[in-house]
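These numbers were taken from a predicted model, which means no experiment stands behind them.
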Amino acid sequence: MSTAQIIVLGAIAGLTIFLGLPVGRMDVGPRLRSGLAATALGILLFLLWDVIEHGVEPVETNLDAHAWGRFAWLATLLAGGFLLGYMGLVYYDRWMGRRATGLVGPGAAAVDEFRARSWVASLSPARRLALLIATGIGLHNFGEGLAIGQSAAGGEIALAVTLIVGF
């Protein structure tokens with residue numbers, strides 16, 4: 001696969017985000033907003049199921065073949081990967097919450113409100129959530145880029161296109 005083809009595939013993958021971000025911010029009716037959210041949830045559930053299915057497949061193959069050492073390694077790798085992926089953002093959110101002190105309360109200003117705070121500590125809860133979502137999307141897109149790049153490097157153009165359409 002040529003560099004130009006890889007750039008085109010990456011542009012197609014990035015175009016979906018480029019188009020989706022403004023649509024997500026549009027002030028549309030609740031029915032359309034619910035429909036878009038349900039569509040996005042359906043796609044994410046499909047991707048979750050697809051990842052789990054393909055992740056469990058080599059583990060099952062080695063279990064059926066009674067290759068116990070390889071099975072144990074792959075099962076540990078699968079569980080560790082899911083644990084790291086799912087719990088990483090939870091702990092990241094908790095870390096950000098501990099750093100955010102916020103205002104002390106109404107009334108006269110307290111000394112704590114004038115201390116120099118990091119930019120994370122100065123974020124409102126809504127902006128912290130937005131940063132967390134952006135971080136998750138960024139990590140997802142990094143993994144997506146790796147999957148597309150690996151399939152393109154292996155000459156699997158159909159797989160690369162399927163990954164782009166699927167993601």
Practice problem: Mind listing the closest non-hydrogen atom pair of Leu78 and Val59 along with its distance? | Solution: CD2-CG2, 4.2 Å
Quiz item: Which residue pairs satisfy the side chain to side chain donor-acceptor pair (under 3.5 Å) criterion with at least one member in residues 55-74, sequence neighbours excluded?
Solution: none
Quiz item: Do the side chains of Leu83 and Tyr91 join up, straight or via other hydrophobic residues, at under 4.5 Å, putting them in one cluster?
Solution: yes
Can you give the donor-acceptor pairs under 3.5 Å from side chains of residues 31-56 to other protein atoms, not counting sequence neighbours?
| residue | atom | partner | partner atom | Å |
| --- | --- | --- | --- | --- |
| Arg33 | NH2 | Met26 | O | 3.4 |
| Ser34 | OG | Pro30 | O | 2.8 |
| Thr39 | OG1 | Gly35 | O | 2.8 |
| Asp50 | OD1 | His54 | ND1 | 3.2 |
| His54 | ND1 | Asp50 | O | 2.9 |

